[in-house]
S.K.: 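Structure provided below as structure tokens; questions to follow.
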Amino acid sequence: MSQGLEIQDLCNTAGDSRIQNVVQNFQKLFGQPCDVLARAPGRVNVIGEHVDYSGGSVLPIAVGQDCIVALRMDSSLYSMQLRSTRPQEFTPLECSIDPQQPINTSQHTWGNYVLAAYKGVHEHMASAGSGKPSVMGLQVLVDGNVPEGAGLSSSSALVVASMLSLLTAYGALASMTKSDVAKLASRSERHVGTEGGGMDQAVSLMAHPGCALHVRFDQPQMQVEPVQLPPNVCFAVCHSLVEAQKAQGAVTKFNMRVAECRLAAKVLQHLLQGQGVKVHASVSVLGHVVPMLGAAFGDSYAAMHEGVRGLLHAHAYSADEVAALCGGVPLEDLLLAAQSPNLVKAVQLTASAAKAGEWQSAPCLQLQQRALHFFSECQRVFDFKSACQQAGTKLEDLGALLTASHRSCADLYECSCPELEEVVEAAIAAGAKGARLTGAGWGGCIVCLVHAEEAAAFRDRLWHSHYASRIDRVELLDKCVFCVDPGGGASVFTSQAKSSGCMHVVELLDKYAFCVDPGGGASVFKSQA
């Protein structure tokens, strides 16, 4: 069972200059000390891409780069004042404090992620029966060093840090487990327009030191298990030099993949029912058809993979064909449009681009390919975990799983791009045992598995073979290639010395540049009295 975020009374962060800078900047900007300060790390997904929202398993680690949110409530204000420690890049914003306000997803701003957390917290407290929190003005300062558009989950780190600060300020955090917060943050982030899963939020809150986190979404309740990694493993993150703007391209890319997976699940359900296979439960994602496929073809993901290949045809489906296979149920109902309107919009826009005016008959849904990726990727996650738990595991075997994952992402899920392909090829040529895109794809970063003793030589070879012709100075290489190791789990800190202007920390956060050990999960600092 997931534990809550333990709150400790502390009153000194002198050892953490970054947190002190945020506290001091908040005081300078708003003229008052912050009430709450929360920290949430980004992540690197080692393996298990695009399967969390379909009920699969993933294996991410937290990274040292993080997002810090400092917050103060003020009943004399009638707005939410959002500021960044990098105002030249992130324009100051002032928003309504109406928790019912819609988020304008057509005009994407960094403040949308804070608003998503704000709406989610109010929705949670109202539905939990604890009463709606008082609506009052908020002053918020954000500081982050997770690279934006890199596929390292800077957006989820901002949502989690914002949510933790709000829940703490409203007095609601103590009654929630880490799993509760992770699920709430995942639901809340959908307010920005992407229908993602819960991996990013789970690892940000529940990361374990020295381990990857095996997160299973194929059970009624999310399950997490730390997985010890071989001691000689180094994970190198390499940027493709193309930003992955998931929220801005959601309708045509990310959400379309989610929709295709859900429709594949529905079609498989009806095809298997037609063969006399019993339905065990309500089916909405691919993970729900695992028992049916297991009964028909065998319990291994490899057997299910081949079963899916025989059940679904390789050419694209239209919305009309999917509806016909599902007993005449329209696509809007299959995708639960009332709960997930972004998915229907994604299909409509993609299909309309293929066949103007007749989107329902446009063949644009690649159901077989998306489902094949899901089942093969889930198998790779369990194979990677199993290999890590065996003595004498060869890094070449782990690396081969990463490279196979990338090929599936590129060929079956079609979420790669030329720049990602180039850097994967260059990384393997430079000595990586394996490499794959990490994050949503369509740009951002790759993760490479390298022997720890060869990391420096790998970086040097990659500079000469790939980056030297693409970036101006070797000094910029630190922003393009950096090594990460798994960090620790979530922690919460409070202070009872607001008047003294100090906050105490027992568990100091590790501070590195870009070649870093990843930090722990989210942290919260609160001033009282």
S.K.: So, are Arg407 and Glu421 salt-bridged, with charged N and O less than 4.0 Å apart?
M.R.: yes
S.K.: To check you understand the geometry: which heavy-atom pair defines the closest contact between Lys119 and Pro99, and what is its length?
M.R.: NZ-O, 3.3 Å
S.K.: Is any side-chain N of the basic residue among Arg86 and Glu148 closer than 4.0 Å to the acidic one's carboxylate O?
M.R.: yes
S.K.: Considering all heavy atoms of both residues, which atom of Arg39 and which atom of Gly64 are nearest to each other, and what is their separation?
M.R.: NH2-O, 4.0 Å
S.K.: Could you check Asn21, Asp143, Asn25 and say which one makes a side chain to side chain donor-acceptor pair (under 3.5 Å) with Thr85?
M.R.: Asp143
S.K.: Can you tell me how far apart CG (Leu164) and CG (Leu71) are? Round to the nearest 0.5 Å.
M.R.: 11.5 Å
S.K.: Do you know the tightest heavy-atom contact between Asp35 and Met73?
M.R.: OD2-N, 2.9 Å
S.K.: Do Ser408 and Arg380 pass the side chain to side chain contact (heavy atoms under 4.5 Å, CB included) test, and can you show the C-alpha distance, the side-chain angles, and the key distance before you say yes or no?
M.R.: CA-CA 11 Å; Ser408 184; Arg380 283 185 287 271; 3.1 Å; yes
S.K.: Which atoms form the tightest heavy-atom contact between Asn112 and Val192, and what is the distance?
M.R.: O-CG1, 3.7 Å
S.K.: Enumerate the ring pair (Phe, Tyr, Trp, His ring centres under 6.0 Å) contacts for residues 143-164, please, sequence neighbours excluded, ordered by first and then second residue.
M.R.: none
S.K.: Could you tell me whether Glu123 and Arg187 make a salt bridge, using a distance below 4.0 angstrom between a side-chain N and a carboxylate O?
M.R.: no
S.K.: For residues 134-189, which residue pairs qualify under ring pair (Phe, Tyr, Trp, His ring centres under 6.0 Å), counting only residues two or more places apart or in two chains?
M.R.: His122-Tyr170
S.K.: Which pair of heavy atoms, one from Pro33 and one from Arg72, lies closest together, and at what distance?
M.R.: O-CD, 3.4 Å
S.K.: What pairs with Gln81 under side chain to side chain donor-acceptor pair (under 3.5 Å), at least two apart in sequence or on another chain?
M.R.: Gln139
S.K.: Gly56 and Cys378: which non-hydrogen atoms are nearest, and at how many Å?
M.R.: CA-SG, 3.8 Å
S.K.: Among Thr438, Leu398, Val381, whose side-chain contact (heavy atoms from CB on, under 4.5 Å) with Ile47 holds?
M.R.: Val381
S.K.: So, are Asp478 and Arg459 salt-bridged, with charged N and O less than 4.0 Å apart?
M.R.: yes
S.K.: Would a line drawn from the ring center of Tyr467 to the ring center of His239 be shorter than 6.0 Å?
M.R.: no
